There are 2 protein chains.
Amino acid sequence: MKDRKHSRKREAILDVLRSTKTHPSAEWVYAQLKPSYPDLSLGTVYRNLSLFREDGQIICVGTVNGQERFDANTKPHAHFICDRCGEVIDMEGRLCFDPGDAASGFFAGSIDYCEVTFHGKCLKCME
Amino acid sequence: MKDRKHSRKREAILDVLRSTKTHPSAEWVYAQLKPSYPDLSLGTVYRNLSLFREDGQIICVGTVNGQERFDANTKPHAHFICDRCGEVIDMEGRLCFDPGDAASGFFAGSIDYCEVTFHGKCLKCME
DNA sequence: ATAAAAACAGTAATAATTCTTATTATTGTT
DNA sequence: AACAATAATAAGAATTATTACTGTTTTTAT
């Protein structure tokens, strides 16, 4: 990881991500922090999320309704996205295979990681 | 599938999608057709891609560099995305498991489908 | 042929994200 | 503690993919 100057806001952004399981968007992180950091700027959230991703401290889960969603849990794990309400749910531990292993050896490029995303309706949205 | 009036342009858009393995963006489809249909509008491409998706004739592969990518091959199959050049490559037939099966029974919501996407560098980008 | 409905082009609007610039915070050095 | 050097920031402008609107054209059923 490149070494960076310390920044209270960057730290706070990462803390928010680490203290939730909701796989938030940039906007949501911003809304969470704005009360405690009234001079926080949305651009700062976006910029730091990019840095975290570069440094491998967070991963992108995918875009839901046009917004990228982030996850501070960098261990490989699958996600479920509810196509009705947009909620993103961890499926950690529910898969008994490593899709990366399953494909390497068959593919000529180099595989860095693999995303497994289930789509459907969450329990709440099934009524 | 809802019944729709016939449209020469809609037909052409689907033909383009069906005759390529490149998993194109809306913009790319538009660029392909513009020479033969000089009065084609980008909005028409977007609108019809949405209709195709509603009708289950195409699927969304995910966003690459901010642009959604589409695929007329609706059979479940995995993809590889090169994070350097953005190329999307089919991994059809290379997975020996059905991730949907692997997860149902463990999850309380209803699973419609499952996306498996590998990330890395394609052969060309590895030099 | 004609009338109703759907599809269209062209353009304006929207919305997520990135970029720019002037200011402020951090860090190492006296 | 004062100091530069430089990274980080706020605010807002700019960019860009996508969607919505409006008046016109195409399709299709009568």
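Note that the structure is predicted; figures quoted are calculated from it, not measured. No hydrogens, no waters, no symmetry mates; every other heavy atom, side chains included, goes into these values. Residue numbering restarts at 1 for every chain, and letters A, B, ... go by the order of the sequence lines.
- Between B:Arg53 and B:Asp71, none of the side-chain N atoms (NZ, or NE/NH1/NH2) sits under 4.0 Å from a carboxylate O, so this pair counts as no salt bridge.
- Atom CG of A:Leu17 is separated from atom CG of A:Leu49 by 6.0 Å, given to the nearest 0.5 angstrom.
- Where pairing requires Watson-Crick or G-U contacts shorter than 3.5 Å, the helical stems of DNA chain C with at least three consecutive pairs are C:1-30 with D:1-30.
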Contacts table for residues 116-127 of chain A: side-chain donor-acceptor under 3.5 angstrom, sequence neighbours left out:
from     : atom 1 : to       : atom 2 : distance (Å)
A:His119 : ND1    : A:Asp83  : OD1    : 2.8
A:His119 : ND1    : A:Asp83  : OD2    : 3.3
A:His119 : ND1    : B:Tyr113 : OH     : 3.4
A:His119 : NE2    : B:Glu115 : OE2    : 2.7

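- We find that CD1 of A:Ile13 is positioned 12 Å from P of D:dA8, with the value rounded to whole Å.
- Summarising the geometry, the separation between CZ on A:Arg10 and P on D:dA7 is reported as 12 Å, rounded to the nearest angstrom.
- Between A:Phe70 and A:Val61, every side-chain heavy-atom pair lies at or beyond the 4.5 Å cut-off.
- No path of Ile, Leu, Val, Met, Phe, Trp and Tyr side chains, each step under 4.5 Å between heavy atoms, connects A:Phe80 with A:Val64, placing them in separate hydrophobic clusters.
- There is a side-chain donor-acceptor pair under 3.5 Å between B:Thr44 and B:Arg47.
- If you check the side chains of B:His23 and B:Asn73, you find no donor sitting under 3.5 Å from an acceptor.
- Atom pair B:Leu33:CG and C:dC8:P shows a separation of 12 Å (rounding to whole Å applied).
- Separating the CG atom of B:Asp3 from the P atom of C:dA4 is a distance of 20 Å, rounded to the nearest angstrom.
- One atom, CD of A:Glu11, and another, P of C:dT26, lie 11 Å apart when rounded to the nearest Å.
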(request) Spell out protein contact along nucleotides 11-30 of chain D as letters: B when the base is contacted, S when just the sugar-phosphate is, - when no protein heavy atom is under 4.0 Å; keep the 5' to 3' order. (result) B-----SSB-------BS--

(request) In sequence, state the C-alpha distance, the side-chain angles, and the governing distance for A:Asp39 and A:Lys34, and then conclude on salt bridge (Lys or Arg N to Asp or Glu O under 4.0 Å). (result) CA-CA 7 Å; A:Asp39 66 344; A:Lys34 191 66 175 174; over 6 Å; no

